[in-house]
Amino acid sequence: LYVGEPELYDAARQQLQQRYDITFTDKNEAIVLWNGLEVQRLSDGRIKVTQIAKIREMAREYRQQLAQIKGKATTPEFSEGDLFDPRDIIDLKTADKRQLDTLHMYQRMVGSAMYVMCSTRFDIAYAMSKASKVMHAASEKHLRGIARVIKYLVQHEDLGIVFDGKQCTAGNVPHVSLFVDANYATEPMHMNNRNDLGRKSTSAAVFMACGAPIFWKSKIQKEVALN
């Protein structure tokens with residue numbers, strides 16, 4: 001993506017073509033599809049990247065599971081309870097066919113949502129971090145959790161990443177910022193594993209450039225923070 005001054009576009013294009021075998025899209029083209037992403041040039045010159053087609057595909061594929069989630073999903077997670085609680089995992093040694101089918105469906109849905117999260121939707125990164133912890137033994141409760149995340153994506157499909165070239169520093173160099181935060185001791189006690197004492201915190205980081213996130217990560221801390 002090129003988000004610099006328009007008059008520098010042709011010069012940058014010539015320099016790249018001298019070194020690489022590269023294909024350019026017409027700078028006047030409003031929207032371009034690339035590797036599952038919709039890249040749109042807005043009227044003010046900013047560039048927006050979305051995955052609307054992928055999200056709609058997920059809505060069709062998992063419509064039965066999404067129908068179980070009542071009301072609007074205004075946030076990725078259910079605010080009145082933890083639908084990704086690791087204490088609700090199934091016992092694989094005694095699981096029946098229905099439980100195993102639920103587990104396999106859960107794994108498919110997590111994989112679909114993870115693809116969107118890694119590309120454009122960092123707003124579900126924390127929820128997906130929690131969803132990943134029960135991938136090995138997810139229950140019907142966990143299935144409702146990932147269904148809610150996908151329903152949130154469906155109901156907010158037009159959210160995306162917007163790059164603004166005007167937010168570059170002098171010399172047309174992108175201004176890069178880093179935001180870091182953590183919650184405190186929110187990981188629940190793990191009843192099925194005595195070695196996992198729970199109460200761990202989750203850290204998150206977002207790198208921003210040209211007014212848009214370019215890297216994000218949410219991960220549970222390895223040790224229990226005491227303050």
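Side chains included, hydrogens not; waters and symmetry mates left out as well; all remaining heavy atoms used.
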Does any non-hydrogen side-chain atom of [Y] lie less than 4.5 Å from one of [X]?
X	Y	answer
Val39	Ile47	yes
Gln65	Ile146	no
Thr120	Leu159	no
Val154	Leu66	yes
Met117	Val149	no
Leu178	Phe215	no
Glu157	Gln51	no
Thr50	Gln40	no

If you measure from CD on Glu77 to OG1 on Thr75, what distance do you get to the nearest 0.5 Å?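 Separation between the atoms: 7.5 Å.
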(request) Just do the side chain to side chain contact (heavy atoms under 4.5 Å, CB included) check on Glu38 and Ile52 with the steps written out, would you? (result) CA-CA 7 Å; Glu38 300 104 16; Ile52 296 175; 3.8 Å; yes
Where is the tightest heavy-atom contact between [X] and [Y], given as atom of each residue plus distance?
X	Y	answer
Ile124	Ala113	CD1-O, 3.8 Å
Pro213	Phe122	CG-CE2, 3.4 Å
Ala125	Trp216	CB-CD1, 4.2 Å

Kindly check if the number of other-residue, nucleotide or ligand heavy atoms within 6.0 Å of OH (Tyr115) is above 12?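 For Tyr115, atom OH is crowded (more than 12 foreign heavy atoms under 6.0 Å).
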Could you check whether Asp123 pairs with Arg121 (Lys NZ or Arg NE/NH1/NH2 to Asp/Glu carboxylate O, under 4.0 Å)?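 Looking at Arg121 together with Asp123, the answer is yes, because their closest N to O distance falls below 4.0 Å.
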Check your understanding: Going by an N to O cut-off under 4.0 Å, is there a salt bridge joining Glu57 and Lys54?
Key ->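 Salt bridge: yes.
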Treating Ile, Leu, Val, Met, Phe, Trp and Tyr as nodes and any side-chain heavy-atom pair under 4.5 angstrom as an edge, say whether Ile69 and Ile150 lie in one connected cluster.
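No, Ile69 and Ile150 fall in different hydrophobic clusters.
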Applying a strict under-4.5 Å side-chain criterion to I, L, V, M, F, W and Y, I'd like to know whether Met208 and Tyr126 cluster together.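 The answer is no; the residues belong to distinct hydrophobic clusters.
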task = Assign the ring pair Phe84 / His142 to parallel, tilted or perpendicular, where the plane angle (0 to 90°) is split at 30° and 60°.
result =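 Parallel, since the angle between the ring planes stays under 30°.
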- [ ] Report the C-alpha separation of Asp96 and Leu100 in whole Å, then their side-chain angles, then the decisive distance to 0.1 Å, and conclude whether the side chain to side chain contact (heavy atoms under 4.5 Å, CB included) test is met.
- [x] CA-CA 6 Å; Asp96 56 27; Leu100 293 177; over 6 Å; no
Has [X] got a side-chain atom pairing as donor or acceptor with [Y]'s backbone, closer than 3.5 angstrom?
X	Y	value
Lys166	Cys210	no
Thr202	Lys219	no
Arg108	Met105	no

TODO: Assess whether side chain to side chain contact (heavy atoms under 4.5 Å, CB included) is satisfied between Gln155 and Lys151, documenting all intermediate values.
DONE: CA-CA 6 Å; Gln155 294 181 342; Lys151 186 171 184 178; 3.2 Å; yes
Under a 3.5 Å cutoff, is there a donor and acceptor pairing between the side chains of Ser112 and Tyr62?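 Indeed, the side chains of Ser112 and Tyr62 share at least one donor-acceptor pair under 3.5 Å.
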Side chain to side chain contact (heavy atoms under 4.5 Å, CB included) between Leu37 and Ser119, intermediate numbers included
CA-CA 8 Å; Leu37 305 177; Ser119 301; 4.0 Å; yes
